[in-house]
Number of protein chains: 2
Amino acid sequence: MEKFIMPNQTEIEKVGNLFKIIGDSTRLKLIFLLLEKPKTVSELCQTSGCSQSLVSHQLKILKDNYIVSSSKQGNFVTYFLIDEHISILLNICRTHINEKEN
Amino acid sequence: MEKFIMPNQTEIEKVGNLFKIIGDSTRLKLIFLLLEKPKTVSELCQTSGCSQSLVSHQLKILKDNYIVSSSKQGNFVTYFLIDEHISILLNICRTHINEKEN
DNA sequence: TGACAATATGAACAACAATTCATATACTAA
DNA sequence: TTAGTATATGAATTGTTGTTCATATTGTCA
C-alpha cells in the first residue's frame with residue numbers, strides 16, 4: 001500500500017489526460033505493436049490494419065503526449081516507446097481485467 | 001521487464017475501455033476521493049463540487065465497469081473502490097507525469 | 001530535374017460522451 | 001399517509017474526438 005496524497009485539479013487533469021490517450025483502441029494497438037519493438041509508420045500500418053493517415057494522426061497524439069518518440073532515416077520514420085511506465089500500466093490493467101471479467 | 005504477449009483485438013478493446021473510464025476528470029476525481037476512504041453520494045457531491053446528477057451518473061459508469069461497488073444504509077448509499085489495481089495504476093501514472101512534464 | 005515513395009497535416013464529417021434538467025424511486029420519520 | 005431527503009435515471013443538448021479524404025511535405029534515385 002502506497003501513501004496517498006490527494007492530487008489537485010491540475011494533476012487530476014494531467015493524469016486523466018494520460019489515461020484518455022491510452023484509452024483508445026487504435027492508439028493502444030499501436031502501443032502494443034511498439035512494445036514488441038520499434039517500427040516504421042508503414043510497418044505499423046500493415047500490422048495494425050489501419051490507414052496511413054490514421055496511423056500518422058494517432059502517432060502524433062502519442063508523440064505530443066510523450067509516449068512515443070521517433071527518428072528518421074531517409075524516407076522512413078521509426079517510432080518507439082519512450083519509457084517503461086506504459087508497459088507496467090498495461091500489464092496491471094490486463095491483470096485487473098482478467099480478474100474482474102469473464 | 002515483464003514477458004510480453006501481444007493481446008488480441010478483444011483484449012485490446014477491454015484494456016482500452018478501462019483506461020477510457022479512468023481517463024475522465026470527473027470520474028478520476030471521484031476515484032481519488034474514494035481512494036482516501038469510502039463515501040456517500042452526498043459526500044462525494046460536496047467534496048467534488050459536482051452536481052448530484054453528474055455524480056450519480058459517473059458512479060454508475062464506474063460501477064458498471066467494476067471499479068467501485070456500493071452498499072446502502074437507509075437513504076444513504078456508500079461507494080467504495082473494489083480493488084487495489086486502480087490505486088497502483090494511478091501511482092504509476094503520476095510518476096510518469098512527473099518525469100515527463102514540467 | 002522529374003517521378004515516385006513515405007509520412008504529415010488541415011478540414012470536414014460522423015459518432016460518441018459529458019453534462020444538465022426534469023423527474024422518478026426508495027427510504028425515513030412524523 | 002404525508003412530507004421530506006438521498007439517490008437514480010431518461011432525454012436533450014452540447015462539446016469532444018476518431019476517422020476519412022484530399023493534399024502537402026520531405027526525401028530518394030534515375
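Sequence lines set the chain letters: A, B, ... in the order given, protein chains first and strands last, and positions in each chain run from 1. Every heavy atom of this structure was used, including side-chain atoms; hydrogens, water molecules and symmetry mates were not.
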Residues that [X] engages under salt bridge (charged side-chain N to carboxylate O under 4.0 Å, His left out), provided they are two or more places apart:
X       : answer
A/Glu43 : none
A/Lys72 : none
A/Glu13 : none
B/Lys60 : B/Asp64

Which letters describe nucleotides 23-30 of chain C, given B = protein heavy atom under 4.0 Å from base, S = only from sugar-phosphate, - = neither?
---BBS--
Listed by chain and number, what are the side-chain hydrogen bond (donor to acceptor under 3.5 Å, both in side chains) partners of A/Ser69, not counting sequence neighbours?
none
Residue set satisfying side-chain hydrogen bond (donor to acceptor under 3.5 Å, both in side chains) with B/Ser48, at least two apart, ordered chain then number -> none
So what does A/Ser56 touch, heavy atoms closer than 4.0 Å: a base, only the sugar-phosphate, or nothing?
base
Leading and trailing nucleotides of DNA chain D with any atom under 4.0 Å from heavy atoms of chain A
D/dT17 to D/dT28
Can you give me the closest heavy-atom contact between A/Val41 and A/Tyr79, atom names plus distance?
CG2-CE1, 3.5 Å
What pairs of nitrogen or oxygen atoms, one from the protein and one from nucleotides 19-21 of chain C, lie under 3.5 Å apart?
residue : atom : partner : partner atom : Å
C/dT19  : OP1  : B/Thr26 : OG1          : 3.2
C/dT19  : OP2  : B/Thr26 : OG1          : 3.0
C/dT19  : OP2  : B/Gln58 : NE2          : 3.3
C/dT20  : O4   : B/His57 : NE2          : 3.3
C/dC21  : N4   : B/Ser53 : OG           : 2.6

Between atom [atom1] in [X] and atom [atom2] in [N], what is the gap in whole Å?
X       : N      : atom1 : atom2 : result
B/Ile21 : C/dA17 : CD1   : C1'   : 10 Å
A/Leu59 : C/dA6  : CG    : P     : 16 Å
B/Ile22 : C/dA18 : CD1   : C1'   : 17 Å

ring-ring contact (aromatic ring centres under 6.0 Å, His included) with B/Phe32: which residues, sequence neighbours excluded?
none
Non-neighbouring partners of B/Gln46 that pass side-chain contact (heavy atoms from CB on, under 4.5 Å), sequence neighbours left out
none
Within residues 86-95 of chain B or reaching into it, pairs that qualify as salt bridge (charged side-chain N to carboxylate O under 4.0 Å, His left out) - sequence neighbours excluded:
A/Glu11-B/Arg94
